[in-house]
Amino acid sequence: MSRYDPAVIEPEWQKAWEKAGCFTARHDPARPKYYVLEMFPYPSGRIHIGHVRNYTMGDVVARYKSSCGYSVLHPMGWDAFGMPAENAAMERGGHPKDWTYGNIADMRAQMKPLGLSIDWGREFATCDPEYYGQQQAMFIDMMEKGLVYRKNAVVNWDPVDMTVLANEQVIDGKGWRSGADVERRELTQWFFRISDFSEELLDALDGLKDWPEKVRLMQANWIGKSRGLQFAFDTIGAPDGFGKIEVYTTRPDTLMGASFVGISPDHPLAKALEAKDPDLAAFLAECRKGGTTEEAIETAEKLGRDTGIRVKHPLDPTWELPVWIANFILMDYGTGAIFGSAAHDQRDLDFARKYDLPVIDTFLSLDGPTPVVDKAFLPPKSEKVKWINHFAGLDVATGDEAIEATIDFAEKQGWGQGVTKFRLRDWGVSRQRYWGCPIPVVHCATCGVVPEKKANLPVELPYDVSFDQPGNPLDRHPTWRNVPCPNCGAPAKRETDTMDTFVDSSWYFARFTAPHAKTPTDKAEVDYWMNVDQYIGGIEHAILHLLYSRFFARAMQICGHLPKKAIEPFNALFTQGMVTHETYATRGKDGRPVWHTPDDVIRTSEGATLKDGTPVEIGPVIKMSKSKKNVVDPMDIIARYGADTARWFVMSDSPPERDVEWTAAGADATQKHLARVWRLASEIAEGGDPAQDLALVKAAHRAIADVTAGIEGFAFNKAVAKLYEFTNSFAKSGATAETKRAAMRILAQLMSPMVPHLAEDVWKIAGGEGLVVTAPWPKADPAMLAEDNVTLPIQINGKRRAEISVPKDMPASEVEKIVLADEAVAKALAGAAPKKLIVVPGRIVNVVL
RNA sequence: GCCCGGGUGGCGGAAUGGUAGACGCAGAGGUCUCAAACACCUCCGGUGCAAGCCGUGCGGGUUCGAGUCCCGCCCCGGGCACCA
């Protein structure tokens with residue numbers, strides 16, 4: 001062999017690893033374990049460059065930890081339920097199950113050539129009945145523990161297709177297929193009681209030291225703990241049963257600025273009024289148009305309607321406030337009713353101006369007290385402000401102080417209580433769709449809602465379904481629904497809702513420890529392998545997936561499926577940035593965008609066109625997604641250059657936590673570098689200069705220290721830069737052959753987590769014993785890292801003007817003498833003494849004139 | 001709208017409050033070659049003959065010293081509970 005040939009060596013080394021069983025996870029009590037997990041993929045059918053980046057990162061960690069002596073678990077599976085399979089069946093025919101398993105086979109075939117150190121023996125898909133049957137068993141356990149219940153909740157309803165839409169399927173308030181105006185409609189749905197754990201999930205964030213601060217902050221904000229005042233307004237002219245309207249506010253201190261009471265369109269009072277007032281019913285129907293997302297509701301035009309009902313101000317019974325229905329008030333948060341304090345809340349102010357309601361200042365800024373006009377005055381709650389006529393007798397105080405004083409005042413007078421509330425809502429898991437885990441319950445006319453017997457699990461999805469009409473095929477299946485009641489045996493009906501796919505991904509990490517156990521987990525295995533030591537995935541999962549998994553770990557612990565130590569299942573989290581790309585669109589007949597893949601687009605200096613010359617709009621650079629088609633296929637890079645080039649390339653350029661915009665340039669250069677290393681290893685000539693040995697040995701130890709630190713710190717791009725530096729030192733070195741071979745073996749080891757196939761070849765060429773994958777990680781000798789002299793830059797008034805070289809630990813007083821004697825410094829001083837001389841040992845000197 | 005990030009040469013990026021631009025890509029020049037490819041060497045933020053001056057999205061501030069800390073903006077991205 002005379003050149004670097006990845007097409008030949010990569011399959012050979014993969015065979016060698018497989019033969020040696022290098023990546024089989026072994027439950028070995030004698031060794032420390034390390035569980036590294038990358039978020040498992042949705043089987044779309046093609047791997048994209050984001051997958052390559054994600055799995056290479058995990059692989060670097062897995063291979064490194066293995067070299068350090070750990071027993072490593074590094075599994076892979078498929079997040080296989082979800083809408084795209086049903087969409088494919090609707091668009092192209094075929095069955096979601098066939099489509100999904102076909103995609104899994106395709107993607108596995110694309111991943112294997114990457115040479116990842118995955119224990120493929122543990123692979124499973126969430127759509128395997130073996131997996132979702134255990135999920136159903138846990139659902140039943142959770143029902144028994146009171147963690148599951150049913151209640152009404154709103155969904156996106158397409159009135160033309162008569163079906164529930166996902167948020168993604170609502171575009172500008174219209175159904176994606178029918179184009180009809182979407183409505184919010186209530187449906188009875190299944191929920192997990194995640195909100196019972198609000199306080200606990202919030203408090204436990206403090207213990208997650210190895211999670212990114214931003215993720216903890218996002219979760220804390222999502223849980224949204226707030227302290228406020230809850231009280232009731234007495235009503236005038238309200239229907240029977242609505243003598244009081246309960247409100248919750250986090251700014252009770254602004255009560256003297258109240259100008260109206262607002263209730264949600266979904267508030268019981270609104271519904272009671274609607275029944276007798278067709279006009280109001282029409283208004284509420286208008287309010288219910290559009291999607292269910294918080295974004296859609298909050299950015300919709302603010303609409304209101306005076307109900308004619310009045311309430312009495314709690315501090316002044318003669319002061320009456322109007323009750324309005326307002327479309328921006330959410331029924332899910334607080335009590336679904338607020339008082340509007342227009343001077344100190346922008347939304348309330350906009351609303352008040354639109355409907356000509358009073359705007360009353362309750363406090364003013366200490367510097368320049370100007371009344372509010374069209375911008376609400378919202379200083380930080382920690383800032384002191386001047387109060388106008390505060391009922392608790394405050395004059396100058398902060399918002400925080402005023403809030404506490406107000407709550408105390410209300411509690412003493414007995415008309416309100418201080419209350420802690422959370423923004424976090426219970427987790428709605430019902431989906432009116434086929435391709436998901438069936439909820440294992442039966443509806444019986446006499447027994448009510450009854451869980452299926454565990455012996456009857458899994459409740460398998462029927463295969464004989466069609467997707468030629470909208471809606472859930474389970475609903476219209478002729479026989480599947482008909483089952484005897486597990487309780488009384490009478491004919492009964494199965495639940496046809498399936499579970500949110502977030503349920504599937506909330507415990508897969510535990511299942512990997514014993515993927516074929518007859519119970520959700522196996523005690524001995526889960527005890528040994530949990531927790532996940534390093535979890536790696538996209539920042540887009542910072543809130544929902546990770547929060548749901550944290551909840552599920554608690555629920556599993558309560559049901560006896562996880563040990564207490566796994567209550568926080570992910571010890572360390574790394575959130576990689578997304579791989580982004582420009583988007584390309586043409587316009588359909590109805591003006592909606594039709595997306596095109598980069599492969600179908602020709603980029604020119606002025607813009608872009610399709611291959612037939614049709615002009616294409618270039619859209620924003622956003623995360624690669626199937627729906628926008630801005631995805632790039634890494635398979636051609638692997639086919640052309642080999643897996644090591646692809647692996648090195650995705651690790652080398654961008655810091656892993658940051659987004660990276662994919663460009664094809666650079667793969668050539670990567671392969672040149674790898675070929676250069678291979679050549680340097682092959683061409684080590686006998687002879688050489690022993691006097692140059694020490695410098696090369698020192699460079700090797702410096703590289704060990706820097707690359708190890710880079711991998712430990714998830715700074716793979718910096719580790720790669722250090723490997724380039726070491727390679728350059730090696731190429732220039734005239735050291736003896738023996739020293740060069742030893743240095744090359746170190747280089748092979750340091751490169752092996754990133755480019756494992758090349759590393760094996762180089763290791764062998766340089767005389768390494770056995771496989772580099774099983775060689776212990778090298779250790780840097782501190783004596784080889786020490787430097788005797790340091791270069792000190794000299795600044796004059798903060799600008800670099802000269803530099804000196806001094807022994808590393810020279811005392812500051814000695815350094816000062818040398819600095820003052822320096823030509824540039826003497827010239828600048830012109831005989832005068834410096835005003836100040838700052839010496840930062842080993843770092844810098846600053847002369848202040 | 002709300003919450004969270006990010007913004008540094010032509011490009012990807014580096015920099016415990018201490019020499020801004022490590023390392024790589026692209027580019028320019030050269031050596032080798034009949035020529036090319038490969039490989040190797042040199043240069044490479046802007047401006048200026050030079051000394052120097054300017055320069056980390058914009059505007060202020062703190063500091064002997066700010067890409068880094070503080071205040072106010074702008075732009076881009078992620079999430080917003082049924083995309084996964």
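Below, read A as the first sequence line, B as the second, and so on, with proteins coming before strands; counting in each chain starts at 1. We use all heavy atoms of the structure for the numbers below, so side chains are in, but hydrogens, waters and symmetry mates are not.
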Looking at [options], which one has an atom nearest to any side-chain atom of [X]?
{"X": "A:Arg425", "options": "B:rA14, B:rG18, B:rA81", "result": "B:rA81"}
{"X": "A:Glu803", "options": "B:rA14, B:rC23, B:rU19", "result": "B:rU19"}
{"X": "A:His541", "options": "B:rC83, B:rA84, B:rU19", "result": "B:rA84"}
{"X": "A:Arg679", "options": "B:rA81, B:rG78, B:rA39", "result": "B:rA39"}
{"X": "A:Glu725", "options": "B:rG1, B:rC23, B:rA81", "result": "B:rC23"}
{"X": "A:Pro655", "options": "B:rG1, B:rA14, B:rU19", "result": "B:rA14"}
{"X": "A:Ala721", "options": "B:rA22, B:rA81, B:rU19", "result": "B:rA22"}
{"X": "A:Arg676", "options": "B:rU19, B:rC40, B:rC23", "result": "B:rC40"}
{"X": "A:Lys718", "options": "B:rA84, B:rA15, B:rC23", "result": "B:rA15"}
{"X": "A:Glu540", "options": "B:rA14, B:rG79, B:rU19", "result": "B:rG79"}

With a non-hydrogen cut-off below 4.0 angstrom, is [X] in contact with a base, only sugar-phosphate, or nothing?
{"X": "A:Ser44", "answer": "nothing"}
{"X": "A:Val847", "answer": "nothing"}
{"X": "A:Leu217", "answer": "sugar-phosphate"}
{"X": "A:Gln189", "answer": "base"}
{"X": "A:Gln432", "answer": "base"}
{"X": "A:Lys672", "answer": "sugar-phosphate"}
{"X": "A:Asp332", "answer": "nothing"}
{"X": "A:Phe328", "answer": "nothing"}
{"X": "A:Gly224", "answer": "nothing"}
{"X": "A:Leu424", "answer": "base"}
{"X": "A:Arg658", "answer": "sugar-phosphate"}
{"X": "A:Trp427", "answer": "nothing"}
{"X": "A:Ala542", "answer": "nothing"}
{"X": "A:Thr293", "answer": "sugar-phosphate"}

Has [X] got its NZ or CZ under 6.0 Å from the middle of the six-membered ring of [Y], at an angle within 45 degrees of the ring axis?
{"X": "A:Arg150", "Y": "A:Trp190", "result": "yes"}
{"X": "A:Arg423", "Y": "A:Tyr333", "result": "no"}
{"X": "A:Arg184", "Y": "A:Trp157", "result": "no"}

Does the ring center of A:Tyr132 lie less than 6.0 Å from the ring center of A:Phe81?
yes
Report yes if the distance between the aromatic ring centroids of A:Phe551 and A:Trp507 is under 6.0 Å, otherwise no.
no
Measure from CD1 on A:Ile796 to P on B:rC64 and round the result to the nearest Å.
18 Å
Mind calculating the distance between OH (A:Tyr724) and P (B:rA22) to the nearest angstrom?
15 Å
Of A:Asn846 and A:Val155, the one whose nearest nucleotide on RNA chain B sits closer to the 5' end is A:Asn846
Pick the nucleotide of RNA chain B nearest each of A:Asn797 and A:Asn221; which residue has the one closer to the 5' end?
A:Asn221
When the [atom1] atoms of [M] and [N] are compared, how many Å lie between them, rounded to an integer?
{"N": "B:rG27", "M": "B:rU33", "atom1": "P", "value": "25 Å"}
{"N": "B:rC23", "M": "B:rG29", "atom1": "C1'", "value": "22 Å"}
{"N": "B:rG78", "M": "B:rC64", "atom1": "P", "value": "43 Å"}
{"N": "B:rC74", "M": "B:rC58", "atom1": "P", "value": "15 Å"}
{"N": "B:rC2", "M": "B:rC73", "atom1": "P", "value": "12 Å"}

Mark up nucleotides 42-48 of chain B, 5' to 3', with B wherever a protein heavy atom is under 4.0 angstrom from a base atom, S wherever such an atom reaches only the sugar-phosphate, and - elsewhere.
-------
Pair [X] + [Y]: basic N to acidic O under 4.0 Å:
{"X": "A:Arg702", "Y": "A:Asp706", "value": "yes"}
{"X": "A:Lys354", "Y": "A:Glu301", "value": "yes"}
{"X": "A:Asp158", "Y": "A:Lys174", "value": "no"}

Counting just side-chain N and O atoms, does [X] come under 4.0 Å of either OP1 or OP2 of [N]?
{"X": "A:Ser654", "N": "B:rG12", "value": "no"}
{"X": "A:Lys836", "N": "B:rC64", "value": "yes"}
{"X": "A:Asn717", "N": "B:rA14", "value": "yes"}

Syn/anti state of B:rG21 by chi, 90° boundary around 0:
anti
Heavy-atom side-chain contact between A:Val707 and A:Leu723 under 4.5 Å
yes
Considering only heavy atoms and no angle criterion, is a donor-acceptor pair shorter than 3.5 Å present between the side chain of A:Arg801 and the base of B:rU19?
no
Go ahead and write out RNA chain B as dot-bracket, 5' to 3': ( ) for pairs within the strand, [ ] for ones crossing earlier pairs, | when the partner sits on another strand, dots for unpaired; Watson-Crick or G-U wobble, both distances under 3.5 Å.
(((((((..(((.....[....))).(((((.......))))).(((....)))..(((((..]....))))))))))))....
